[in-house]
Amino acid sequence: MTKYRKRIYEIINTSCSHLNAYDVYEIIKKEMPDVVLATIYNNLNALVDEHMINKISIPGKIDHYDKLVKHDHLICSRCGKLIDFKFEDLTKNLESQAHVSIVGYDLKAFIICDECKNK
Ligand SMILES: [Zn+2]
Ligand SMILES: [Zn+2]
C-alpha cells in the first residue's frame, strides 16, 4: 500500500463527517505538499474497489467517502448533507420478501435538514 493510500484510508476511517475528494486533498496537502488531486481520486477509487471504504453517490452531488462500519444515512434532499443514522436492521424483512439471502444493503432516507427548513 502506498503512503498516500494508507493515509487516505486512515483519514476516511477516523472521520465522522463524509469527506469528498477535495476534503481529503486539503488534509493530505498539509502533510505531503507534493500530492495532486488525481492521486487522491485514484487512491479513493482503489480503496472503494478493494472494499476498504464506501463510496456514497447521490445524483447531482459530488461523491462522498465513508468508513465501512455498517450504518445508514439520512440525506437532505436540498443541500445534500449526510447524517449518519442507524435504522433497525432490515435484513430479515428483506430476505422474507426477496426469498434470497441478503449480504448487505444500502439505505438512504431523504429528509429536509433543519438548516434548509429554516431558510
Ligand atoms: Zn439541508
Ligand atoms: Zn456515514
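Since we're looking at a predicted model, the values are computed, not measured. Counting convention: from 1, in listed order, for ligands and their atoms alike. One-based numbering along the sequence shown.
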Spacing of [X] atom [atom1] and [Y] atom [atom2] [to the nearest 0.5 Å]:
X	Y	atom1	atom2	answer
K55	D66	NZ	CG	13.5 Å
R78	C113	CZ	SG	9.0 Å
D63	N45	CG	CG	8.0 Å
M32	Y4	CE	OH	6.5 Å

Listed partners of D72 passing side chain to side chain contact (heavy atoms under 4.5 Å, CB included), at least two apart | K70, F87, Y105, L107
Atoms of type N, O or S from protein under 2.8 Å of the Zn ion (ligand 1), total 4
Go through the structure and list residues passing ring pair (Phe, Tyr, Trp, His ring centres under 6.0 Å) with H18, not counting sequence neighbours.
-> H73
Any protein N, O or S atom under 2.8 Å from the Zn ion (ligand 2)? Found H18 NE2, D66 OD2, H71 NE2, H73 NE2, D84 OD1
Working for salt bridge (Lys or Arg N to Asp or Glu O under 4.0 Å), residues E115 and K81 | CA-CA 10 Å; E115 257 166 67; K81 180 160 70 194; 3.3 Å; yes
Trace of the side chain to side chain donor-acceptor pair (under 3.5 Å) decision for N20 with H64 = CA-CA 4 Å; N20 63 41; H64 290 264; 4.9 Å; no
Check whether any side-chain N or O of S96 sits under 3.5 Å from a backbone N or O of N93 as a donor-acceptor pair, and report yes or no.
-> yes
